[in-house]
Amino acid sequence: MKRIFPNYSYGPGPRQNCWWDETTQAPDWPIQSGELDAEVAVIGGGFTGLSAALHLAEEGKSVVVLEAETPGWGASGRNGGFCCLGGSKLKPETLVKRYGEVAAQAYEQAEVDAVDLVAELLARYRIEADTHSKGETVLAHSAKAMKKLRQKGEAGGVLHEADDLPALGLGGTFFGGYTTPVGFGLNPRKYLFGLAAAARDQGAELFQRSAALDVRKTAVGYQLSTPLGSVRAEKVLFCTNGYSSEDFPLWMAGRYMPAQSTVLVTRPLTDVELQAQGWSSNQICYDTRHLLHYFRLMPDKRFLFGMRGGLISSPKAEAKIRKKVLRNFHVMFPAWSQVEVTNVWSGFVCLAWDLLPFVGAVPDQPGCFAGFAYHGNGVAMGSYCGQALARLAMQQPAEIPLPISTPPRRFPLGRWRRALMPPAYALMALADL
């Protein structure tokens, strides 16, 4: 594999001390060996891959999932657990200008449909994933940001002035906020393993430590080599997102950008500590910074806080970004500066140059499809794209909005595109002032 970050990024270091690992035991998938035949091979066992596998298996298709590591190892098992609107980083007016009003509305509906899909899967398969929150709240970090919230408030949501926040249990130095009724929080690991159990019950075969080392075209489909065996399949779905490779498939080279996100979790907070900060809400929240913070009080009263950042990958850099997220947490929630933080970890979100998710066919490789670039909103959008990939593989109408089905352009600088990130982050930090 040809990856653009150092090997440390893809090892155990960044995910050490991940809180979700302590909440539920991972299933013990077998290691693929010998020769297998399937109608569809899925590469990657995260939200996208398991959603695709489940929807394929529900239709009676034979499907094999090849996970290179262990269940929940990647972004799906270490993210913040926000099931909410998102997936694109384009402004609505830019989306309209680029694709037209109808296509922009279809994309916006897809974001809602993605959240609804997760809720429907949780209910249908009775997955207990510690869900909470009625919608999602964005909190203004400055007066200028609050002015923009007032200007773009939409029907269906609720605008909050600064004086409204204490009564809502949203204590802090915020200038107001806005709540959309769509979205909720969950335990991403429990949701992921619930999808896995449902897919297996429907007949999907799931394998761990079974990286697809090679994918070769055959007369009737594709042959995938693994360390101990091989899989013959008619169709192949690439569901590796931020942990993708430059040569797998070659078409993806330069079309995705991994970006680090770091999360911490505190011990359970007492009622006195919650009152001291003025925070009692179970809303999933984020702030209006370009380099945003996201946070929520979970059902067990632990507080989760995360942020974007971390442009260099090494043990030293990981220690530095963990200190930074802790420092930002204490600045935003000073009453909890002495509260023990029990867990801190990092993982990759995935960006696209066009700032939109993609799901569709891999050009010049008939029968191959890919889904990636959820811009930090993989719970909902990854699940949605997995369903879309399943429909594409079955040649069913997928009804994918044009902005998502349009193949993404490559980043400038090719394998050296990480060099674009420091100046971009510096500009965003200035815009956040």
Side-chain angles (χ1 to χ4, degrees), residues 14-27 47 71-73 75-84 115 118-119 121-123 125-137 139 165-166 168-172 179 183-197 261-287 293-307 322 325-326 328-330 332-347 376-380:
R15 82 175 319 280
Q16 282 181 351
N17 201 29
C18 178
W19 163 243
W20 307 124
D21 293 353
E22 301 178 30
T23 64
T24 187
Q25 186 174 356
F47 295 134
W73 181 88
S76 297
R78 63 174 97 174
N79 67 70
F82 284 55
C83 182
C84 55
V115 176
V118 176
L121 290 171
L122 289 168
Y125 291 104
R126 299 181 181 179
I127 300 171
E128 296 294 335
D130 305 331
T131 58
H132 65 93
S133 185
K134 295 180 180 180
E136 182 182 38
T137 299
L139 295 167
L165 299 181
L168 298 172
L170 300 170
T179 295
F184 55 91
L186 49 64
N187 180 319
R189 186 174 168 97
K190 290 183 178 180
Y191 169 54
L192 182 71
F193 294 167
L195 287 181
S261 192
T262 303
V263 188
L264 66 77
V265 166
T266 71
R267 63 159 169 76
L269 296 163
T270 66
D271 289 341
V272 171
E273 289 166 337
L274 291 170
Q275 290 170 8
Q277 182 59 49
W279 195 280
S280 59
S281 174
N282 70 353
Q283 281 292 101
I284 55 173
C285 298
Y286 66 100
D287 66 14
H293 302 91
Y294 49 95
F295 38 93
R296 60 189 176 104
L297 183 66
M298 297 190 287
D300 64 358
K301 303 303 180 184
R302 295 176 185 270
F303 199 80
L304 180 149
F305 180 89
M307 62 175 286
R322 292 187 182 201
V325 70
L326 182 62
N328 285 22
F329 170 61
H330 289 160
M332 290 183 65
F333 300 97
W336 298 335
S337 61
Q338 302 303 313
V339 170
E340 180 187 2
V341 171
T342 58
N343 301 81
V344 191
W345 68 95
S346 298
N377 292 87
V379 176

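Treat the numbers as computed from the prediction; the structure is a model and nothing was measured. These numbers come from the heavy atoms of this one structure, side chains and all, not from hydrogens, waters or symmetry mates.
With contacts defined as side-chain heavy-atom distances shorter than 4.5 Å, the pair Leu170/Cys285 qualifies. Side-chain atoms of Asn79 and Val379, non-hydrogen and from C-beta on, do get closer than 4.5 Å to each other. Inter-residue side-chain proximity for Asn17 and Trp345 is flagged as unmet; no heavy-atom pair is nearer than 4.5 Å. In this structure, the side chains of Asn343 and Glu22 come closer than 4.5 Å at one or more pairs of heavy atoms. Counting heavy atoms from C-beta on, the side chains of Ser280 and Leu274 never come closer than 4.5 Å. The closest side-chain heavy-atom distance from Val341 to Arg267 is not below 4.5 Å. At least one side-chain heavy atom of Thr131 sits less than 4.5 Å from a side-chain heavy atom of Leu122. When side chains are defined from C-beta on, Phe305 counts as touching Met332, because their heavy atoms get closer than 4.5 Å.
Across Arg322 and Val325, no two heavy atoms sit closer than the pair O-CG1, 3.1 Å. In this structure, Val344 and Thr262 approach most closely via the heavy-atom pair CG1-CG2, 4.0 Å. Annotation for Pro27 and Pro71: closest pair O-CG, 3.5 Å, computed over non-hydrogen atoms. Nearest heavy-atom pair, Val118 versus Cys83, reported as atom, atom and distance to 0.1 Å: CB-SG, 3.6 Å.
Qualifying side-chain hydrogen bond (donor to acceptor under 3.5 Å, both in side chains) partners for Asn282, counting only residues two or more places apart in sequence or in other chains: none. Applying the side-chain contact (heavy atoms from CB on, under 4.5 Å) test to Glu128 and every residue at least two apart in sequence or in another chain returns nothing. By the salt bridge (Lys or Arg N to Asp or Glu O under 4.0 Å) test, Asp21 is found to be paired with Arg15, Arg189, residues two or more places apart in sequence or in another chain being considered. Residues satisfying the side-chain contact (heavy atoms from CB on, under 4.5 Å) test with Ala276, not counting sequence neighbours, are Ala335. With sequence neighbours left out, Ser337 forms a side-chain contact (heavy atoms from CB on, under 4.5 Å) with His330. Ser133 pairs by the side-chain hydrogen bond (donor to acceptor under 3.5 Å, both in side chains) definition with Gln283, not counting sequence neighbours. Shown here are the ring-ring contact (aromatic ring centres under 6.0 Å, His included) partners of Phe333, two or more places apart in sequence or in another chain: Trp279, Phe295, Phe303, Phe329, Trp336. Shown here are the side-chain contact (heavy atoms from CB on, under 4.5 Å) partners of Pro334, two or more places apart in sequence or in another chain: Gln277. Remark: Asn187 engages Thr23 in a side-chain hydrogen bond (donor to acceptor under 3.5 Å, both in side chains) (not counting sequence neighbours). Asp287 is linked by a side-chain hydrogen bond (donor to acceptor under 3.5 Å, both in side chains) to Arg289, His293, counting only residues two or more places apart in sequence or in another chain. Under the ring-ring contact (aromatic ring centres under 6.0 Å, His included) criterion, His132 pairs with no residue at all, not counting sequence neighbours.
Taking CZ from Phe82 and CZ from Arg296, the interatomic distance works out to 5.5 Å, rounded to the nearest 0.5 Å. Note: Met307 CE to Leu264 CG = 10.0 Å, rounded to the nearest 0.5 Å. To the nearest 0.5 Å, the span separating CE on Met298 from CG on Leu304 amounts to 5.0 Å. For the atom pair SG of Cys84 and CZ of Phe184, the computed distance is 9.5 Å after rounding to the nearest 0.5 Å.
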Using the side chain to side chain donor-acceptor pair (under 3.5 Å) rule, take Tyr191 and Ser76 through it: C-alpha gap first, then chi angles, then the decisive distance, then the call.
CA-CA 9 Å; Tyr191 169 54; Ser76 297; over 6 Å; no

Is there a side-chain contact (heavy atoms from CB on, under 4.5 Å) between Leu269 and Val339? Walk through the geometry before answering.
CA-CA 8 Å; Leu269 296 163; Val339 170; 3.6 Å; yes

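Note that Arg78 lies in the cation-pi zone of Trp73, set by a 6.0 Å cut-off to the ring centre and a 45° limit from the axis.
Between Ser261 and Tyr294, the side chains place a donor N or O and an acceptor N or O closer than 3.5 Å (distance only, hydrogens not considered).
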